[in-house]
Amino acid sequence: MKKAKIVSVTFSVRAEKGKAVYLAGDFNDWNPKGKKMTYKARKGAYEATVKLPRGEHQYKFVIDGVWCTDPENIHAVRNDCGSFNSLIDVK
């Protein structure tokens, strides 16, 4: 059986410096503090890189405890909570 290819994917979201920003998704059991994002002053954004298998993945950013879709990603799917999750297709 062939092993799924793993790809490094960098997620980025603009938020004010000093915020608590995390990445949550189906790849970390939607843990709201599963992946802390780091502020990049030159970009004025928070970033986190995770290794994901190829295929579709749903995610959200958690900024100071508030769940947010990715404002720069138009791809989203409705979730069981009545809101939307951002969607990425890792090739």
Side-chain angles (χ1 to χ4, degrees):
M1 187 170 175
K2 195 173 181 182
K3 198 172 185 181
K5 178 151 172 136
I6 304 296
V7 179
S8 289
V9 179
T10 300
F11 292 85
S12 178
V13 64
R14 293 189 185 283
E16 293 176 27
K17 184 178 180 184
K19 299 279 187 183
V21 182
Y22 295 87
L23 172 66
D26 58 14
F27 43 82
N28 66 4
D29 293 325
W30 294 100
N31 182 344
K33 293 192 175 179
K35 182 66 176 175
K36 187 169 179 67
M37 299 182 76
T38 305
Y39 186 74
K40 304 292 184 181
R42 287 191 141 174
K43 297 180 180 180
Y46 288 81
E47 287 187 352
T49 300
V50 293
K51 293 183 185 286
L52 299 175
R54 291 182 182 201
E56 290 187 346
H57 299 279
Q58 296 180 35
Y59 68 97
K60 280 191 165 181
F61 299 115
V62 184
I63 303 172
D64 284 347
V66 177
W67 291 76
C68 310
T69 55
D70 186 339
E72 296 187 19
N73 181 357
I74 61 169
H75 304 286
V77 293
R78 186 171 293 280
N79 61 34
D80 294 339
C81 299
S83 63
F84 289 89
N85 296 334
S86 296
L87 183 68
I88 185 170
D89 188 7
V90 178
K91 303 275 184 194

Quiz item: Tyr22 and Asn31: side-chain donor and acceptor closer than 3.5 Å?
Solution: no
Self-check item: Distance-only donor-acceptor check, side chains Thr10 and Thr49, under 3.5 Å
Solution: yes
Looking only at heavy atoms, which two atoms of [X] and [Y] are closest? And how far apart?
X     : Y     : result
Trp67 : Pro32 : CZ2-CB, 3.5 Å
Tyr46 : Gly18 : OH-N, 3.0 Å
Val62 : Ala24 : CG2-CB, 4.2 Å
Lys91 : Val7  : O-CG2, 3.9 Å
Val90 : Pro53 : CB-O, 3.9 Å
Glu47 : Lys43 : OE2-NZ, 2.8 Å

With rounding to the nearest 0.5 Å, note down the distance linking [atom1] in [X] to [atom2] in [Y].
X     : Y     : atom1 : atom2 : value
Lys51 : Ile6  : NZ    : CD1   : 9.0 Å
Lys40 : Ser12 : NZ    : OG    : 10.0 Å
Cys81 : Trp30 : SG    : CH2   : 9.0 Å
Lys17 : Tyr39 : NZ    : OH    : 6.5 Å
Phe61 : Phe11 : CZ    : CZ    : 7.0 Å

Quiz item: Side chains of Asn28 and Lys35: does their closest heavy-atom pair fall under 4.5 Å?
Solution: yes
Self-check item: Partner of Val21 by side-chain contact (heavy atoms from CB on, under 4.5 Å), out of Asp64, Thr38, Ile63
Solution: Ile63
Self-check item: Positive for side-chain contact (heavy atoms from CB on, under 4.5 Å) with Lys60, one of Val13, Asn79, Leu23, Asp70
Solution: Asn79
Quiz item: Does a sphere of radius 6.0 Å around NZ in Lys36 hold more than 12 heavy atoms from other residues, nucleotides or ligands, not counting ones at 6.0 Å or beyond?
Solution: yes
Quiz item: What do you reckon, is CG of Asp89 surrounded by more than 12 foreign heavy atoms closer than 6.0 Å?
Solution: yes
Quiz item: Any sub-3.5 Å donor-acceptor pair from Asn85's side-chain atoms to Tyr59's backbone N or O?
Solution: no
Exercise. Show your working on side-chain contact (heavy atoms from CB on, under 4.5 Å) between Glu56 and Leu87 and close with a plain yes or no.
Key: CA-CA 7 Å; Glu56 290 187 346; Leu87 183 68; 4.0 Å; yes
